[in-house]
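Per chain, numbering begins at 1; letters A, B, ... match sequence-line order.
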Protein chains: 2
Amino acid sequence: MKVDNIQSLKNILSENGYKITKAREDTFSVLLSPEPQSMAALIDKAHDKVDRVTMYRNIDLFEKLGIVNRIYVGWKYKLELSDSFMEHHHHLSCLSCGKVIDIEDEQHINEFIKSVTDKFNFTPRHHQFEIDGFCNVCSESKKS
Amino acid sequence: MKVDNIQSLKNILSENGYKITKAREDTFSVLLSPEPQSMAALIDKAHDKVDRVTMYRNIDLFEKLGIVNRIYVGWKYKLELSDSFMEHHHHLSCLSCGKVIDIEDEQHINEFIKSVTDKFNFTPRHHQFEIDGFCNVCSESKKS
DNA sequence: ATCTAAATGCAACAAAGTTGCAATAACTAA
DNA sequence: TTAGTTATTGCAACTTTGTTGCATTTAGAT
């Protein structure tokens with residue numbers, strides 16, 4: 001289910017017995033962004049519309065409803081709207097300088113996911129693949 | 001490089017120009033456990049030997065040196081000693097009941113890691129692969 | 001229009017992580 | 001072995017992040 005506009009939000013909320021409120025619409029609207037955002041950034045963007053505590057509560061709710069995903073980048077989590085049933089987050093994260101490199105190689109991974117979820121009768125929602133280590137620059141400087 | 005005793009710790013520290021201190025040995029010793037542990041648990045176990053702040057600093061250092069890994073289980077991170085150069089953490093995590101299922105399928109994943117790290121000249125230390133979704137039991141109960 | 005439960009905002013709190021700095025302890029070289 | 005230098009530690013204070021209880025408000029059912 002694609003969740004990319006306010007109407008989808010409203011549908012999901014009422015289908016699940018939750019009320020459609022201004023705070024939830026505002027929470028949703030600050031989530032609209034091409035980049036995953038930290039909780040702090042979301043709170044900051046909405047601070048004159050929605051209370052901090054309400055943000056936490058609604059983000060939790062949205063996560064339970066599959067509207068947002070929490071992904072780990074380096075050491076911290078970030079939040080983003082699910083824009084499809086299955087998200088892709090594959091990256092290399094440098095332990096030394098913190099640089100994050102995105103990988104695109106869906107094929108290998110998708111095969112793998114299918115084989116393993118089938119085996120356990122598991123319904124996938126989201127996945128994340130992270131490799132921590134040292135980027136080319138930092139590996140180089142260690143050698144000297 | 002296997003890091004499973006105090007001697008390995010000492011070697012790694014001095015090879016990298018860091019001092020061998022009692023606080024670092026104590027930090028290392030509370031990490032010895034078959035299970036990954038939360039930061040809070042580590043601080044608690046060592047609280048009469050090592051200051052909280054020093055724990056944070058040394059865990060950070062150990063992570064940079066590849067002595068510990070930080071892994072995400074559900075929403076929180078836990079720490080554990082690396083007992084080999086490359087750790088394997090692959091699991092399915094149920095968003096509804098919280099059950100965690102471990103996967104063992106090294107082959108697929110190892111191939112993939114090699115191809116992608118080679119491409120970016122990245123030196124891997126640790127990786128983690130998590131699939132969130134609904135386990136067989138919870139998927140079933142949703143259908144009714 | 002009224003009623004009721006759900007949702008919000010506020011205040012206060014708890015937990016997690018960070019910073020600056022003075023005191024201490026580990027290595028270095030004489 | 002001692003003296004000197006620098007990294008490391010512990011402490012106090014602080015910031016950030018997340019949580020709880022409760023009185024007030026608001027969405028939606030009747």
Side-chain angles (χ1 to χ4, degrees), chain A residues 6-7 9-31 36-65 67-80 95 98, chain B residues 6-7 9-31 36-65 67-68 70-80 98:
Chain A
I6 292 276
Q7 192 49 53
L9 172 73
K10 292 183 180 173
N11 293 341
I12 293 180
L13 286 175
S14 38
E15 279 163 18
N16 288 277
Y18 294 98
K19 291 183 176 170
I20 295 164
T21 66
K22 183 154 178 315
R24 285 179 180 153
E25 291 179 35
D26 288 337
T27 302
F28 183 84
S29 76
V30 295
L31 281 163
Q37 301 169 85
S38 67
M39 194 65 195
L42 294 174
I43 289 171
D44 189 57
K45 277 170 81 176
H47 82 280
D48 51 349
K49 299 179 172 183
V50 187
D51 186 79
R52 237 167 56 80
V53 176
T54 302
M55 287 290 290
Y56 278 108
R57 293 196 269 228
N58 284 339
I59 291 290
D60 282 357
L61 175 64
F62 286 5
E63 194 174 21
K64 235 185 282 182
L65 295 175
I67 295 167
V68 306
N69 290 323
R70 182 181 303 234
I71 63 171
Y72 293 100
V73 181
W75 293 6
K76 308 272 180 173
Y77 73 80
K78 300 205 168 185
L79 299 155
E80 60 167 16
L95 291 166
Chain B
I6 292 278
Q7 191 51 51
L9 172 72
K10 293 182 179 173
N11 292 341
I12 294 180
L13 287 174
S14 38
E15 279 162 20
N16 289 277
Y18 294 99
K19 292 183 176 170
I20 295 164
T21 67
K22 182 154 178 317
R24 284 179 181 153
E25 292 179 35
D26 289 338
T27 301
F28 182 84
S29 76
V30 295
L31 282 164
Q37 300 171 85
S38 67
M39 194 63 193
L42 294 173
I43 289 171
D44 189 56
K45 277 170 81 176
H47 83 281
D48 52 350
K49 298 179 172 184
V50 187
D51 187 81
R52 237 166 56 82
V53 177
T54 301
M55 286 291 290
Y56 278 109
R57 293 196 269 229
N58 284 339
I59 291 291
D60 282 357
L61 175 64
F62 286 5
E63 194 174 21
K64 236 187 276 182
L65 295 175
I67 295 167
V68 305
R70 183 180 302 234
I71 63 171
Y72 293 101
V73 181
W75 293 5
K76 307 273 179 173
Y77 73 82
K78 299 206 169 186
L79 299 155
E80 60 167 16

Main-chain N/O of Val53(A) paired with Asp51(A) side-chain donor or acceptor, under 3.5 Å: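 Looks like yes, one N/O pair under 3.5 Å.
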Any donor-acceptor N/O pair, Asn69(A) side chain to Ile71(A) backbone, under 3.5 Å: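 Checking the backbone N and O of Ile71(A) against the side chain of Asn69(A), no donor-acceptor pair under 3.5 Å is found.
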Between atom [atom1] in [X] and atom [atom2] in [N], what is the gap in whole Å?
{"X": "Arg70(B)", "N": "dA16(C)", "atom1": "CZ", "atom2": "C1'", "answer": "12 Å"}
{"X": "Ile20(A)", "N": "dT8(C)", "atom1": "CD1", "atom2": "C1'", "answer": "16 Å"}
{"X": "Leu42(A)", "N": "dG18(D)", "atom1": "CG", "atom2": "C1'", "answer": "14 Å"}
{"X": "Ile43(A)", "N": "dT19(D)", "atom1": "CD1", "atom2": "P", "answer": "11 Å"}
{"X": "Glu25(B)", "N": "dA26(C)", "atom1": "CD", "atom2": "P", "answer": "9 Å"}
{"X": "Leu13(B)", "N": "dA7(D)", "atom1": "CG", "atom2": "P", "answer": "15 Å"}
{"X": "Asp44(B)", "N": "dA15(C)", "atom1": "CG", "atom2": "P", "answer": "12 Å"}
{"X": "Lys10(A)", "N": "dA27(D)", "atom1": "NZ", "atom2": "P", "answer": "12 Å"}

Which value, rounded to the nearest 0.5 Å, describes the distance between [X] atom [atom1] and [Y] atom [atom2]?
{"X": "Asp44(A)", "Y": "Met55(A)", "atom1": "CG", "atom2": "CE", "result": "10.0 Å"}
{"X": "Ile59(A)", "Y": "Arg24(A)", "atom1": "CD1", "atom2": "CZ", "result": "11.5 Å"}
{"X": "Asp26(B)", "Y": "Ile6(B)", "atom1": "CG", "atom2": "CD1", "result": "8.0 Å"}

Would you indicate whether Lys45(A), at its atom NZ, is surrounded by more than 12 heavy atoms from other residues, nucleotides or ligands within a distance under 6.0 Å?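 Yes, the 6.0 Å shell around NZ holds more than 12 heavy atoms from other groups.
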Taking the nucleotide of DNA chain C with the closest heavy atom to each, which residue, Lys19(B) or Tyr18(A), is nearer the 5' end?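 That would be Tyr18(A).
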Stretch residues 47-62 of chain A: residues that reach within less than 4.0 Å of DNA chain D through a heavy atom: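 Residues of residues 47-62 of chain A that come under 4.0 Å of DNA chain D are, in numerical order, Arg52(A), Val53(A), Tyr56(A), Arg57(A).
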Specify the residue among Thr21(A) and Lys22(B) whose closest nucleotide of DNA chain D lies further upstream toward the 5′ end.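 The answer here is Lys22(B).
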